[in-house]
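Have a look at the structure below before the remarks.
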Protein chains: 2
Amino acid sequence: MRTDDKLYSITELAQEFDITTRTIRFYEDKQLLKPARRGNTRIYSGSDRIRLKLVLRGKRLGWPLDEIHEILQLYDQPGGEVQQLELMLSKISESRDALLVQREDIELALSEFDEIQIRCEQQLEILQKPKLHRSNQD
Amino acid sequence: MRTDDKLYSITELAQEFDITTRTIRFYEDKQLLKPARRGNTRIYSGSDRIRLKLVLRGKRLGWPLDEIHEILQLYDQPGGEVQQLELMLSKISESRDALLVQREDIELALSEFDEIQIRCEQQLEILQKPKLHRSNQD
DNA sequence: TGGTAAATTGACGTTATCGTAAAGGTCAAG
DNA sequence: CTTGACCTTTACGATAACGTCAATTTACCA
């Protein structure tokens, strides 16, 4: 449980994930991150880093930041109240549904790309071997 | 090949896909759609409708509109030039790579949601059957 | 032919997601 | 003590992706 006691500066994280420090501070503004402070300086723990990773994954999936904020709350320990837990469960199933739609969309796009690619390659073959065609017709 | 000679009005499409007509016109502004006109009124063909479907799928995948614009061009007939075809092939493989990353992200998110859900349900069981616990301890 | 429902354009507003610049604090090395 | 490398906050700007509203124009129907 105590394997991630490594700490990070804002520039370290920015470099690791190839984003700007401005972006990281912006996420903090939006309550997505809450790093500790030494004096005025932000210090990021291992779990802060994980949260940032989750944020970036959410971005890659096209979620807006406020949705990412909700999703992140799912990762925090559930309050323990029954209503809280049921709310969480319904949010999870909602998010899962959206993910399944996305996965379906991806499969469709991938197979369409396959078709387009095949057509492209066939066309290329025709264009790149014109002499074979001529010699066949001799 | 000639099975989609059905025509659509802008409101028909808006209702079918649950978007506003403003949105459809906006996409036209962005060159994503190019419907015919009867006088001043837009008329959408079957392939216009397919393009709109592709746009909306791209949106669900979180792509910005200008990327969607590029992807759409892949669906149009390739020019026939070798350079054109090779450019298309490289764009396809680029897009495919992005899709694979997204699919990976989705799988990760799904399995994490599964874990969270299981923890939630366990917690709920504990909270909803307190008397069984007590009677066990008698 | 009149009326009205629908379609169009244009201008401006809005929200999300940062970028950029200004103005300054901190801290270790020389 | 000063310099330079980071870090901070505040504020204003920029772009994408639409929404909203107003002013016209068009289409259709009795």
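In what follows, every chain begins at residue 1, and chains take the letters A, B, ... in the order their sequences are listed.
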(message) At 4.0 Å (heavy atoms only), tell me whether A:R38 reaches a base, stays on the sugar-phosphate, or touches nothing.
(response) nothing
(request) Could you check whether A:T11 gets within reach of a base, just the sugar-phosphate, or nothing at all, counting any heavy atom under 4.0 Å? (result) sugar-phosphate
(message) Tell me whether the side-chain N/O atoms of A:T41 come closer than 4.0 Å to OP1 or OP2 in C:dT26.
(response) no
(message) Check this one for me: any side-chain N or O of B:R25 less than 4.0 Å away from OP1 or OP2 of C:dT8?
(response) yes
Can you check the [X] [atom1] to [N] [atom2] distance for me, whole Å?
{"X": "B:L7", "N": "D:dA27", "atom1": "CG", "atom2": "P", "value": "16 Å"}
{"X": "A:E67", "N": "C:dT15", "atom1": "CD", "atom2": "C1'", "value": "14 Å"}
{"X": "A:H69", "N": "C:dT17", "atom1": "NE2", "atom2": "P", "value": "13 Å"}
{"X": "B:D29", "N": "C:dT8", "atom1": "CG", "atom2": "P", "value": "12 Å"}
{"X": "A:Q31", "N": "C:dA16", "atom1": "CD", "atom2": "P", "value": "14 Å"}
{"X": "B:I24", "N": "C:dA6", "atom1": "CD1", "atom2": "P", "value": "16 Å"}
{"X": "A:Y8", "N": "D:dC7", "atom1": "OH", "atom2": "P", "value": "16 Å"}
{"X": "B:R37", "N": "D:dT26", "atom1": "CZ", "atom2": "P", "value": "12 Å"}

Check whether [X] reaches the backbone of [Y] with its side chain - one donor and one acceptor, N or O, closer than 3.5 Å.
{"X": "B:Q102", "Y": "B:L61", "answer": "yes"}
{"X": "B:Q122", "Y": "B:R119", "answer": "no"}
{"X": "A:R37", "Y": "A:N40", "answer": "yes"}

Cluster question for you: counting only ILVMFWY and a side-chain heavy-atom cut-off of under 4.5 Å, with indirect links fine, are [X] and [Y] together?
{"X": "B:V101", "Y": "B:I71", "value": "no"}
{"X": "B:L52", "Y": "A:L108", "value": "no"}
{"X": "A:I68", "Y": "A:L87", "value": "no"}

(request) Mind jotting down which residue pairs meet the salt bridge (Lys or Arg N to Asp or Glu O under 4.0 Å) criterion with at least one end in residues 59-70 of chain B? Sequence neighbours excluded, please. (result) A:D105-B:R60, B:E70-B:K91
(request) Determine, for A:R96 against B:D114, whether the closest basic-nitrogen to carboxylate-oxygen distance falls under 4.0 angstrom. (result) yes
(message) If the threshold is 4.0 Å, N to carboxylate O, is there a salt bridge linking B:R22 and B:D29?
(response) no
(request) Find the bend of the helix from C:dT1-D:dA30 to C:dG30-D:dC1 as the angle between its two terminal axes (five pairs each), to the nearest 10°. (result) 10°
(request) Produce a footprint string for nucleotides 14-25 of chain D: one letter per nucleotide, 5' end first; B if the base is under 4.0 Å from any protein heavy atom, S if only the sugar-phosphate is, - if neither. (result) ---BBBB-----
